[in-house]
K.L.:
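Input: one structure, supplied below.
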There are 2 protein chains.
Amino acid sequence: MDPRQAELLNSAIRTISIRHRALAAALLAPLGLHPGQEVLLFELHNRGPLTQGQLASASGCEPPTITNSARRLEAAGLLVRTESPDDARVTIVDLSDRGRALLPALQQAWTQLAEQSVARLLTTPPERLVEDLSDLASSLEAARARCSPCSTRSRSREPVDEGVPDPGSAPIRQ
Amino acid sequence: MDPRQAELLNSAIRTISIRHRALAAALLAPLGLHPGQEVLLFELHNRGPLTQGQLASASGCEPPTITNSARRLEAAGLLVRTESPDDARVTIVDLSDRGRALLPALQQAWTQLAEQSVARLLTTPPERLVEDLSDLASSLEAARARCSPCSTRSRSREPVDEGVPDPGSAPIRQ
DNA sequence: AGCCTATGATTATGCGGCTAACCTTTTGGG
DNA sequence: CCCAAAAGGTTAGCCGCATAATCATAGGCT
C-alpha cells in the first residue's frame, strides 16, 4: 500500500479514536460515567446478566479491564456482582436498579454522540459511513483473530525456553 | 438519528479504536515502541524540531501527554529535549540519531498496520474508506472546536436542576 | 482418590490519554 | 518601572486498556 495512503488511514483512525472518546467523555460526564463504562451497561441491558468473561468478550476488552471497571461501577451503585451458585469461580454481573434507571439518559447520550460525530461530514453519506466503519471493524477483528492463536499456543506448564530475551525488541519500559 | 444506527456507529468506532491500537502494538513492539509514540517520531521527522506545544497540537493530544511521552522517548534515546535559547519556558524536542535511524522500520510498520487493517474488508474499496475516515476525522475535529469555546450553554437542560451540586453528575472517581 | 490441566477471575504493573492545579518566564499596560 | 495577565510546561491524580503472573475452583483421567 502507498505509504501516503497508509499514513492517511492510520492518522484518521487515531484522530477518530481520540476525538470520539473526548466527545463521549463530554456527553457521559453529566451521567457520572467515563467512556467505556457505558458499553458495559449497554451490554448488560441488551443481554441480561453476564459472567465477567462474557462481558469482556461482549465489550471487546480483556478480563482485567472488566474486573476494574465492574468494580468501579459497582461502587457507583450501577451494577451488582454476585458469585455464581453453580461455579465458585465465576462472578455474575447485572444491572442494579440505579443502573437500569440510567439507561434512557444513556441511550440519549449515545445517540447524541453519534449525531454530533457525523454532524460535520462534508462528502460522506452517514449510512455509507456506518457501513464502511462496520466493515473496517470486522476486518480488524478478523486480523486479530488470525494473529492471536499463533501466540496463544500450547501452554504447557513447562515454560518454553525462548533463548536470550532480545533487549531491544520490546516496548520501552520505565 | 436512529438509535440503532447510532449504536452501530459508536460500536464500530470503539472496535476500530481498540483493535487498531492492538494491531499497532503488535507491529511496534519489535521496534520497542508503544502505540502513540510513533506519532511523535513521525511528526518530528516531517516537521523538524518542534516545541512541545507544537508537538501536542500536531499529534492531537494534550501537553501533559507530551511531557510524559517525550520524557520516555528521551530516556529511550530516541529524541532530545533542549531548552530554547530564546525563551526559557519552551523546550524544543527533536529526533536523535537513534530516533532517525528507526524511521525506515517505523515507516514499514506503519504501512503494514494500514495494510493489515484493510486486508479483510468485504465491501469497501480502501480508497473510499480512507476518504470517509478522513471526513469523519474532520467532522469530529470540528465538533471539538465548536464545543470547546462555548460553555455548553445553548442547549435547554431539562434533566438536572443547576443549583445544588448533584452528587452523581460527575464521572465516578475512586 | 489423587493429580494435572483447564478455566474464571484477580493482582501487579505499565502506557496513553485526560483534567486541574501549579510553577516559571514573558509580555503588556498603567 | 512594576505588577498583573498570558503563555509554556510540569506535577498530581484518575481512567481505560493491556499483558504477565497468580490464585482458586472445576473437571477429566488414570
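The sequence lines fix the lettering, A, B, ..., with proteins before strands; numbering per chain opens at 1.
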K.L.:
Within this structure, what is the CG-to-P distance between A/L23 and C/dT19, rounded to whole angstrom?
P.N.:
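In whole Å, C/dT19 P lies 13 Å from A/L23 CG.
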
K.L.:
Quick one: which of C/dG17, D/dA18, D/dT25 gets closest to the side chain of A/D87?
P.N.:
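Closest of the options to the side chain of A/D87: D/dT25.
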
K.L.:
Is any side-chain heavy atom of B/R21 closer than 4.5 Å to a side-chain heavy atom of A/S17?
P.N.:
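Side-chain contact under 4.5 Å: no.
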
K.L.:
Step by step, work out the side-chain hydrogen bond (donor to acceptor under 3.5 Å, both in side chains) result for B/T91 and B/Q52.
P.N.:
CA-CA 6 Å; B/T91 70; B/Q52 287 196 181; 3.1 Å; yes

K.L.:
Look at the side chain of B/R71 and decide which nucleotide, out of D/dT11, C/dG17, D/dG9, has an atom nearest to it.
P.N.:
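Nearest to the side-chain atoms of B/R71, counting from C-beta on, is D/dT11.
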
K.L.:
Between A/D87 and A/R89, is there a side-chain N and carboxylate O pair less than 4.0 Å apart?
P.N.:
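A/R89 and A/D87: salt-bridged.
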
K.L.:
For the side chain of B/I18, counting heavy atoms from C-beta on, which of C/dT25, D/dA18, D/dT10 is nearest?
P.N.:
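Of all the options, the side chain of B/I18 is nearest to D/dA18.
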
K.L.:
If only side-chain N and O atoms of A/T67 are considered, is one of them under 4.0 Å from the OP1 or OP2 phosphate oxygen of C/dA9?
P.N.:
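For C/dA9, neither OP1 nor OP2 has a side-chain N or O of A/T67 closer than 4.0 Å.
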
K.L.:
Using whole Å, what does the distance between atom P of nucleotide D/dG16 and atom CG of A/L28 come to?
P.N.:
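After rounding, the reported distance stands at 11 Å.
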
K.L.:
B/H20 has an atom NE2; how far is it from atom P of C/dG16, in whole Å?
P.N.:
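Checked: the NE2 to P distance equals 16 Å.
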
K.L.:
Check the distance between C/dT11's C1' and A/I66's CD1 and give it to me in whole angstrom.
P.N.:
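For the pair A/I66 CD1 and C/dT11 C1', the rounded distance is 16 Å.
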
K.L.:
Compare all side-chain heavy atoms of B/N10 with those of A/E38 and state whether any distance is below 4.5 angstrom.
P.N.:
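No, too far: nothing below the 4.5 Å cut-off.
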
K.L.:
With the side chain counted from C-beta on, respond yes when B/V93 and B/L40 share a heavy-atom pair under 4.5 Å apart, and no when they do not.
P.N.:
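Side chain of B/V93 against side chain of B/L40, heavy atoms only: no contact under 4.5 Å found.
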
K.L.:
Reckon A/T65 has a side-chain N or O less than 4.0 Å from the OP1 or OP2 of D/dG16?
P.N.:
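Negative; the distance criterion is not met.
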
K.L.:
Report yes or no: is there a donor-acceptor pair, N or O only, under 3.5 Å between the side chain of A/R89 and the base of D/dA24?
P.N.:
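Per atom types, no contact qualifies.
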
K.L.:
Let me know the distance between CZ of A/R144 and C1' of D/dA18, rounded to the nearest Å.
P.N.:
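After rounding, the reported distance stands at 12 Å.
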
K.L.:
Closer than 4.0 Å, any side-chain N/O of B/R81 to the OP1 or OP2 of D/dT10?
P.N.:
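Affirmative; the distance criterion is met.
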
K.L.:
So, are A/R144 and A/E141 salt-bridged, with charged N and O less than 4.0 Å apart?
P.N.:
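Between A/E141 and A/R144 there is a salt bridge, with a charged N closer than 4.0 Å to a carboxylate O.
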
K.L.:
Do the side chains of B/L122 and A/S138 get nearer than 4.5 Å, heavy atoms only?
P.N.:
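In short, these two side chains do not touch, never coming nearer than 4.5 Å.
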
K.L.:
How would you label the contact of B/I172 with the nucleic acid (heavy atoms, under 4.0 Å): base, sugar-phosphate, or nothing?
P.N.:
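Sugar-phosphate contact only.
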
K.L.:
Would one find a side-chain N or O of A/R21 under 4.0 angstrom from OP1 or OP2 of D/dG16?
P.N.:
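For D/dG16, OP1/OP2 do not have a side-chain N/O of A/R21 under 4.0 Å.
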
K.L.:
What nucleotide, of C/dT25, C/dT10, D/dA18, holds the atom closest to the side chain of A/C61?
P.N.:
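Nearest listed nucleotide: D/dA18.
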
K.L.:
Would you say a side-chain N or O of A/Q52 is under 4.0 Å from OP1 or OP2 of C/dT10?
P.N.:
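Yes, because at least one side-chain N or O of A/Q52 sits under 4.0 Å from OP1 or OP2 of C/dT10.
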
K.L.:
When you measure from the side-chain N and O atoms of A/R72 to the phosphate of D/dC17, is any distance below 4.0 Å, counting only OP1 and OP2?
P.N.:
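Checking D/dC17 against A/R72, no side-chain N or O comes under 4.0 Å of OP1 or OP2.
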
K.L.:
If you find the nucleotide of DNA chain D closest to A/S69 and the one closest to B/P64, which residue's nucleotide is nearer the 5' end?
P.N.:
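Its nucleotide being nearer the 5' end, the pick is B/P64.
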
K.L.:
If you assign each of A/A22 and A/Q54 to its closest nucleotide in DNA chain C, which residue comes earlier from the 5' end?
P.N.:
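The 5'-side residue here is A/Q54.
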
K.L.:
A/L102 and side chain to side chain contact (heavy atoms under 4.5 Å, CB included): which single residue from A/L95, A/D97, A/L33 fits?
P.N.:
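With A/L102 as partner, side chain to side chain contact (heavy atoms under 4.5 Å, CB included) holds for just one option, A/L33.
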
K.L.:
Counting only heavy atoms and a strict 4.0 angstrom limit, can you tell me which residues of residues 34-44 of chain B come near DNA chain D?
P.N.:
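The stretch gives none, as no residue of it lies under 4.0 Å from the strand.
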
